[in-house]
Amino acid sequence: MAFDKMELKDIEVWDGNFAAAQALRQAQVDVVSAYPITPSTPIVEGYAKFKSDNYVEGEFVMVESEHAAMSGCIGAAAAGGRVATATSSQGLALMVETLYQASGMRLPIVLNIVNRALAAPLNVNGDHSDMYLCRDSGWIQFDAFCPQEAYDLNFIAFKVSEDHDVRLPAVVNQDGFMTSHTAQGVNTLTDDAAYGFVGQYKPMNDMLDFEHPVTHGVQTEEDWHFEHKARQHNDLMTKVPSKIDEVFAAFEKLSGRKYNQVECYDMDDADVAVFCMGTSVETAREVAGEMRAKGIKAGVVGLRVIRPFPFMEVRAALKDIKAVAVLDRSSPNGAAGAMFNEVAASLFNTDSKVLLSGYIYGLGGRDLTKAHLVDLYNELQANADAGKLTTQQQQFIGVRGPKLAYL
């Protein structure tokens, strides 16, 4: 049965969830296997509505849990279909076991994670706890700062993930509620242009190709498990950055929108910088502009690709900076922040003299305000002027009660 095409305006007012759902429709995903959870439900709900309205030929499979949702995606992808789903928080936590199955079996599934805090205490608002939970699961991971990027990065994720030299699943992250439920103008692609960019799905090693039988999900034990994981890391993930750059360039040619693995704003002459992800990037950019008007050379670095981690690009972005604050939107639970550790690793064993500090912020949806960032930039400038940290290495932004710090 032929499906209908949807006529879109050049600019539509969409929130991040609807933007992602539209991308799944335009990519003509074959199977969405899903279980609803706040705040990601409208993505898979939107795809289901598009199917019922004959805008997509795929199948929507409603299952009994998030573990089953990814299990269904794994089966559909192994059978040779273009597959996607979405989840958040506790749902992702239940799904994590199967993420390792998908990456180990090299199945190009696209997972939209609408970032939300992990319980307990129970919280439905956004932070990056779930993003960090699955960062080492073998999935390529992108981060959207706004609804436009939640739309664009889905097409990019399919294009990278399905490349036969890659064949690894991919995550597109967006901030819960701040992106997922906030409507903004989104520059659209036509149905033909979007599908033409992603391309017709080309199965590889699919289980329904009976002329070329394959085995999925084998058991290796100590004989070959190490080699499998080493090659997944060294032979596959190391090919991904150049493929991402290639797809970024192709998408810019199509849409005029340029993406980089590490996004730098006002960094050419910056003395101090904030390193962050998600919606915080846009807030930090606005404050950086205001600080420059006051004489502080402030910049912002936004991380677009979380895995594989772009160590060299981060190193290049920060090489001439005097003081940097890394913002982690996840509780460190007795350690430095997860992203702080990644940035520190990028700068370790280099000639960089940058002063690195970490800030924990926004847990459970707590706002990061412009006033918070003004204070932060002033602290960074004090560090730069003194040539050493003038505060403790890790602090908490906006927490009620006595000021907290660690390290």
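Here, residue 1 is the first one in the sequence, and each next residue gets the next number.
Annotation: side chain of Ser352 is not in contact with side chain of Leu318 (no heavy-atom distance under 4.5 Å). Residues Gln141 and Arg135 meet the side-chain proximity criterion, which asks for heavy atoms closer than 4.5 Å. In this structure, Ile113 and Met131 have side chains that are not in contact, with every pair of non-hydrogen atoms separated by 4.5 Å or more. Contact check for Thr38 versus Phe177: side-chain heavy atoms found under the 4.5 Å cut-off. Considering only heavy atoms from C-beta on, Met70 comes within 4.5 Å of Ile109 through its side chain. Here the side chains of Val301 and Glu313 are not in contact, with every heavy-atom distance at 4.5 Å or above. Within the 4.5 Å cutoff, the side chain of Val247 has heavy atoms near those of the Phe197 side chain. Put simply, the side chain of Ile244 reaches to within 4.5 Å of the side chain of Ile140, judged on heavy atoms.
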Test log, rule salt bridge (Lys or Arg N to Asp or Glu O under 4.0 Å), inputs Asp136 and Arg307: CA-CA 8 Å; Asp136 295 331; Arg307 283 295 185 273; 2.8 Å; yes

Working for side chain to side chain contact (heavy atoms under 4.5 Å, CB included), residues Leu8 and Trp14: CA-CA 12 Å; Leu8 300 175; Trp14 293 341; 3.9 Å; yes

Test log, rule side chain to side chain contact (heavy atoms under 4.5 Å, CB included), inputs Ile43 and Leu24: CA-CA 9 Å; Ile43 297 178; Leu24 300 191; 4.0 Å; yes

Audit row: Val186, Gln148, side chain to side chain contact (heavy atoms under 4.5 Å, CB included) steps and yes/no: CA-CA 5 Å; Val186 174; Gln148 178 73 67; 3.8 Å; yes

Worked check of side chain to side chain contact (heavy atoms under 4.5 Å, CB included) between Gln232 and Arg106: CA-CA 9 Å; Gln232 184 178 331; Arg106 295 186 65 187; over 6 Å; no

Derivation and outcome, side-chain hydrogen bond (donor to acceptor under 3.5 Å, both in side chains), residues Asn333 and Ser331: CA-CA 6 Å; Asn333 288 320; Ser331 177; 3.2 Å; yes

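Here the straight-line distance linking atom CD of Glu45 with atom CZ of Phe50 works out to 11.0 Å at 0.5 Å rounding. A distance of 10.5 Å separates SG in Cys146 from CG in Asp175, rounded to the nearest 0.5 Å. Of the inter-residue distances, the one linking Leu107 atom CG with Cys73 atom SG reads 10.0 Å to the nearest 0.5 angstrom. How far CG of Leu376 is from OG of Ser357: 6.5 Å, rounded to the nearest 0.5 Å. Expressed to the nearest 0.5 Å, how far NZ of Lys353 lies from CG of Asp320 amounts to 12.5 Å. How far CD of Glu227 is from CZ of Arg231: 10.0 Å, rounded to the nearest 0.5 Å.
Counting only distance, with no hydrogens or angles, the side chain of Lys51 and the backbone of Glu59 share no donor-acceptor pair below 3.5 Å. Looking at Tyr406, its side chain does come within 3.5 Å of a backbone N or O of Gly334 through a donor-acceptor pair. A donor-acceptor pair under 3.5 Å is absent between the side-chain atoms of Ser346 and the main chain of Arg315, judged by distance alone. For the pair Ser103 (side chain) and Ser137 (backbone), a donor-acceptor distance under 3.5 Å is present. Under the 3.5 Å distance criterion, the side-chain polar atoms of Glu12 are matched with a main-chain donor or acceptor of Lys9. Using modelled atom types, no side-chain atom of Asn260 and backbone atom of Glu263 make a donor-acceptor pair closer than 3.5 Å. Not a single donor-acceptor pair under 3.5 Å links the side chain of Asn115 to the backbone N or O of Gly126. Checking side-chain atoms of Asp191 against main-chain N and O of Met6 turns up a donor-acceptor pair under 3.5 Å. At least one donor-acceptor pair closer than 3.5 Å links the side chain of Gln26 to the backbone N or O of Leu189. Formation of a donor-acceptor pair under 3.5 Å by the Arg116 side chain with backbone atoms of Ile37 is not found in this model.
Cation-pi geometry between Arg304 and Phe145 is met: the NZ or CZ atom falls under 6.0 Å from the ring centre, inside 45° of the normal. Tyr201 does not carry Arg82 over the face of its six-membered ring by the limits of under 6.0 Å from the centre and within 45° of the normal.
For Asp268, the CG atom is loosely surrounded, since the number of other residues' heavy atoms within 6.0 Å does not exceed 12. Around NE2 of His233, the count of heavy atoms belonging to other residues, nucleotides or ligands within 6.0 Å does not exceed 12. Applying the 6.0 Å contact sphere to NZ of Lys229 captures more than 12 heavy atoms from other residues, nucleotides or ligands.
Under 4.0 Å is where a charged nitrogen must lie from a carboxylate oxygen, and between Asp266 and Arg285 no such pair does. Ion pairing between a basic and an acidic side chain is recognised when a charged N comes within 4.0 Å of a carboxylate O; Asp163 and Lys239 show no such pairing.
A side-chain contact (heavy atoms from CB on, under 4.5 Å) with Phe142 holds for exactly one of Leu303, Ile156, Val110, Val171; it is Ile156.
With 3.5 Å as the limit, one finds no donor-acceptor pair spanning the side chains of Thr369 and Asp367. Using a 3.5 Å distance cut-off with no hydrogens or angles, the side chains of Tyr259 and Asp152 do pair a donor with an acceptor. Neither side chain, Gln392 nor Gln394, offers a donor N or O lying under 3.5 Å from an acceptor on the other. Side chains of Gln174 and Asn112: a donor-acceptor N/O pair is absent below 3.5 angstrom, by distance only. The closest side-chain donor-acceptor pair between Gln381 and Asn378, if any, does not fall under 3.5 angstrom. Residues His212 and Asn205 bring no donor and acceptor atom of their side chains to less than 3.5 Å of each other.
Taking both residues in full, the closest heavy atoms of Thr390 and Glu379 are given as OG1-O, 4.2 Å, listed atom of the first, atom of the second, then distance. Contact detail for Asp206 and Pro203: the closest heavy-atom pair is OD1-CB, 3.6 Å. Residues Ala34 and Ala69 come closest through the heavy atom pair CA-CB, 3.8 Å. Contact between Phe275 and Met339 at its shortest, heavy atoms only, is CE2-CG, 3.8 Å. Taking both residues in full, the closest heavy atoms of Cys276 and Val300 are given as SG-CG1, 4.3 Å, listed atom of the first, atom of the second, then distance. Between Gly176 and Val114 the shortest heavy-atom distance is CA-CG1, 3.5 Å.
Note: His128 and Tyr361 have perpendicular aromatic rings, judged against thresholds of 30 and 60 degrees for the angle between ring planes.
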